[in-house]
Every structure is written in C-alpha cells, then in structure tokens.
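Worksheet: one structure, shown below.
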Protein chains: 2
Amino acid sequence: MEKKTEKKGASKRSKAPQNRPKHQQALVQAAAVLFRKQGYAATGTAEILKRSGAPRGSLYHYFPEGKEAIGAAALEAASKVASRTFRDLAANTESPADFVRAYATLLAGWMEKSDFTDGCPVATTVLETVPGSDIITPVARTSFQHWQRTIQDMLMSHGWHGGRARATATLVLSAFEGALIMARVEQSASPIHDTAEELAALLAG
Amino acid sequence: MEKKTEKKGASKRSKAPQNRPKHQQALVQAAAVLFRKQGYAATGTAEILKRSGAPRGSLYHYFPEGKEAIGAAALEAASKVASRTFRDLAANTESPADFVRAYATLLAGWMEKSDFTDGCPVATTVLETVPGSDIITPVARTSFQHWQRTIQDMLMSHGWHGGRARATATLVLSAFEGALIMARVEQSASPIHDTAEELAALLAG
DNA sequence: TTGATTATATAGACTGATCTGTATAACTTT
DNA sequence: AAAGTTATACAGATCAGTCTATATAATCAA
C-alpha cells in the first residue's frame with residue numbers, strides 16, 4: 001500500500017500562517033449552511049466534508065465528538081452573527097418600531113436572495129436535536145436567551161420597563177422565528193413584512 | 001394520492017378488528033408523532049413501521065411514493081386537527097384576546113405533558129423538506145394558508161377589517177409557531193404565555 | 001546551528017450499521 | 001380464482017465514526 005511520497009514540501013517561502021486551523025473554520029461554515037437549508041439529520045458528514053474541502057480526518061481531529069459537536073459549533077457561530085446584527089441594528093434605528101421594520105427588511109432580502117431555501121440557522125437544527133442532544137441543547141438555549149436579552153435591552157433603552165420589555169422581546173423573537181418558517185413555505189417575503197408591521201404597531205402604540 | 005383509497009366509506013361500522021385500512025391509519029399516526037418529535041430525516045421508515053405495527057409491505061402498498069408520501073399524509077392529518085381546534089376555540093371564546101390566551105393554555109399544557117419534546121407538527125417537517133419535496137411542499141403551504149384564514153375569519157367575526165385582519169392573523173400564527181420553538185429550547189411554557197399575553201394586548205388595544 | 005522527539009494536523013480507506021425502496025411469496029376476503 | 005393486503009428477504013446506497021499512515025510545526029538536545 002505504497003503511496004506517492006511527494007517530497008515537495010519544505011518550501012517555506014511564505015510565512016503566511018494559513019495552515020493552522022485551515023479546515024476548522026471551513027467545516028463549521030459549510031455545516032452551518034447545510035444544516036440551515038436542509039436540516040441536521042438530512043445533512044451527512046460526507047456532504048459537509050465535500051463542501052468544506054476538508055478530509056475526514058480533520059473533522060474528527062477538530063471535533064472528536066463528531067457531528068453533534070459540529071452542530072453545536074455551527075449554532076454558536078450563527079448565534080454570534082445574529083446577535084451582532086441585533087446590536088448594530090439597535091444602534092442605528094430610532095425606535096423599536098423602526099428596529100423591527102429594519103430587521104424585517106434584512107430578513108426578507110436574505111430569504112429572497114436564497115430563493116427561500118434559507119431560514120433561521122438555529123431553529124432548523126433545534127427542532128431535530130433538542131432536547132435530545134446534550135451537546136447542542138445548551139448552545140441553543142444560550143443562543144435564544146442571548147437574542148432575547150439583546151432585544152430586551154433595546155426596548156429598555158427606549159424607556160420600556162423590565163417585566164414588559166422581557167415579554168415583548170419574547171414576542172418579537174417568536175414572531176420573527178415563525179415568520180421565517182411561513183416565508184419559506186409560502187415562498188414569499190410577505191409573512192415577514194406583515195408580521196413586522198403588526199409588531200411595529202404594537203411597539204409604537 | 002388523495003382520491004384513490006376511500007371507496008368503502010362507512011358501510012361497515014363494526015368496531016371489530018376489521019382490517020380494511022388497518023395499517024394505513026396507524027402508519028400515518030406513527031409517522032406524525034415521530035416526525036413531530038425528532039424530525040423528518042431523523043425518522044427512518046423502520047421506526048415508523050415498528051411503532052405502527054405495520055409490515056414493510058403495507059407501507060409501500062398504501063404509499064407507493066414512499067416516505068415523502070407518508071410525510072405529506074402526516075402533515076395533512078395534523079393540519080386538520082389544528083384547524084378544527086382553531087374553529088372550536090374561536091366559537092368558544094369571546095374575543096380575539098381570549099382566543100390567543102386559550103390557545104396558549106392549550107399549547108402550554110400539551111408541551112408540558114410531552115416534557116417539551118413536542119412542537120408544531122408542520123414546522124418540523126417543513127424546515128427539512130420545503131421547498132425540496134414536491135409532494136410535501138404543497139400540503140404544507142395549504143396547511144398554513146388554511147390556518148391563517150381560519151384566524152383571519154375569527155378576527156373578522158369580531159369586527160376586524162380585511163387587510164388588517166390578514167396581517168394580524170399572520171402575526172398570531174408566526175408568533176405561536178416561534179413560541180413553540182422557544183418553549184422547546186427553554187424547556188418551559190413561559191415563552192408561550194409571554195407571547196400570548198403580548199398578542200392579547202395588541203388584539204385588545 | 002543541527003538532529004531527535006513530540007504534538008498537531010491532514011488524508012482517505014475502511015467498517016458495520018442503517019437507510020429507503022424493491023421483489024416476491026403467502027395469506028385473506030370476496 | 002382474483003383482488004387486495006400482509007409478510008419478509010433482499011439490494012444498493014449512504015450513514016457516522018474508526019483506523020493507520022503521513023506530513024508539518026514546535027520543542028528539546030547536543
């Protein structure tokens with residue numbers, strides 16, 4: 001079982017530190033996209049490998065706990081992106097009503113661009129793995145709590161008080177979560193805009 | 001696939017173990033539970049067979065198009081149950097605000113009873129198969145549209161006007177859909193009640 | 001500096017289990 | 001017998017995960 005021994009290595013022409021965790025990030029990124037679009041169980045490790053360009057060995061090197069660990073990492077990555085979006089949007093809008101409208105526009109554009117094959121990166125995986133997976137469940141929980149808190153803070157910075165802000169933030173999150181599902185099924189951004197307009201009415205009144 | 005197997009009708013109403021579509025209904029029922037709890041792709045036909053007690057041959061006899069056809073049938077069955085619940089609830093509540101509170105109580109009890117392993121029977125399958133599956137996609141779309149329309153009618157029967165009733169019904173549906181996901185992740189009925197209370201405030205004001 | 005040693009990372013063949021779907025035989029009921 | 005249903009064996013594909021070998025980096029030895 002001899003293999004070609006390519007001695008071509010050893011050339012350290014570039015000191016670019018590109019070969020450290022070369023494939024780790026690619027794996028998470030690929031998994032995030034695939035899980036989001038087609039679900040957790042329907043996505044095989046082979047597909048993740050192919051899309052990321054990583055070999056099988058790397059997957060189990062970086063994620064000894066296997067597929068579930070990749071799922072958790074993908075959720076974590078997606079969660080951070082969304083949290084940052086929430087914060088940025090909160091900083092650049094003038095009222096809660098503005099905030100939900102702006103976020104709706106963002107989501108709608110995103111869904112349209114993907115031909116309605118995208119959706120919430122957390123929801124898809126969650127419905128297949130929570131509470132079954134001990135690795136994914138806590139990550140998902142933290143993610144939702146973080147989002148909820150970010151929206152709650154946004155409301156409070158506009159004068160809302162604790163208890164009501166908490167419940168309202170939950171409604172906002174629930175509504176967008178559901179609107180993404182409806183948009184996907186109806187292949188239309190309308191549910192997102194309808195939901196946001198009604199939310200805006202509540203937040204303004 | 002809907003106009004083929006129902007010619008015998010209710011000619012025989014004996015409770016006796018008559019094996020007409022004996023296994024057909026059991027298959028759909030088993031699939032509905034499993035898809036709802038653990039997802040579409042994660043549920044193998046073997047598991048459906050085992051839970052339903054049907055042999056493999058029956059599955060492909062009643063559903064020649066296989067797993068996707070069972071998925072569509074399960075969605076259809078679940079959709080009808082929910083529609084009926086909506087109508088019954090609408091008939092027995094005195095205002096839209098009452099309606100959402102009553103439905104929240106129903107959902108919360110259901111989730112608690114299942115230890116938060118249940119959820120919306122449509123959402124779970126949808127996120128894995130729409131728009132990929134040509135068999136499931138139209139069923140899911142019809143289901144959501146039917147629900148939306150039922151809630152819209154409820155609102156209009158309380159004096160709401162067309163345009164606003166449409167958008168508000170979408171919000172209500174989205175919010176409950178999302179609240180179920182959050183409840184599952186947080187292993188708590190609070191997101192459902194919080195969401196419903198905020199919705200009630202909007203509907204009352 | 002050079003050489004040896006260990007740790008990290010890449011690479012893909014391989015495994016046994018499970019997947020969906022098919023084929024065909026054997027009932028059951030009319 | 002004929003049609004409708006049940007029953008099981010089977011097939012090819014794919015599944016997640018393990019294995020061994022190799023390559024590159026970092027650390028230590030002289």
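FYI, side chains are in, hydrogens and waters are out, and symmetry mates aren't considered; it's all heavy atoms of this structure. Keep in mind it's a predicted model, so treat the numbers as computed, not measured.
B:E128 places its CD atom 14 Å from the P atom of C:dC19, with the value rounded to the nearest Å. One interatomic measurement links the two molecules: CD of A:E68 to P of D:dC15, which rounds to 17 Å at whole-angstrom precision. Atom pair B:E47:CD and C:dT18:P shows a separation of 12 Å (rounding to whole Å applied). One atom, CZ of A:F35, and another, C1' of D:dA16, lie 12 Å apart when rounded to the nearest Å. In this structure, CZ of A:F63 is placed 12 Å from P of C:dA9, rounded to the nearest angstrom. In this structure, A:K50 atom NZ and D:dT14 atom C1' are separated by 14 Å, rounded to whole Å. Distance, B:I70 CD1 to C:dT20 C1': 12 Å, rounded to whole Å. Straight-line distance from the CG atom of B:L27 to the C1' atom of D:dA7: 14 Å, rounded to whole Å.
Between A:T168 and B:E198, the shortest heavy-atom distance links the atoms OG1-OE1, 2.9 Å. Nearest heavy atoms, A:A72 versus A:I136: N-CG1, 4.0 Å.
For B:T195 and A:T170, the side-chain atoms include no donor-acceptor pair closer than 3.5 Å. In this structure, a donor-acceptor pair under 3.5 Å is present between the side chains of B:T45 and B:R56.
Note on B:G57: a base of the nucleic acid sits closer than 4.0 angstrom, heavy atoms only.
For the OP1/OP2 pair of C:dT10 and a distance below 4.0 Å, the side-chain nitrogens and oxygens of A:Y62 include at least one atom meeting the criterion. Taking side-chain N and O atoms only, B:H23 has a distance below 4.0 Å to OP1 or OP2 of D:dT6. Note on B:S58: every side-chain N or O is 4.0 Å or more away from OP1 and OP2 of D:dT5.
Picking from C:dT8, D:dG17, D:dA7 the nucleotide with the shortest atom distance to the side chain of A:R56 gives D:dG17. Listed nucleotides: D:dA16, D:dA9, C:dT10. Nearest to the side chain of A:P55: C:dT10. Distance from the side chain of A:H61 is smallest to C:dT8 among C:dT8, D:dC15, C:dG21.
Atom-to-atom distance recorded for B:M182:CE and B:L180:CG is 11.5 Å, nearest 0.5 angstrom.
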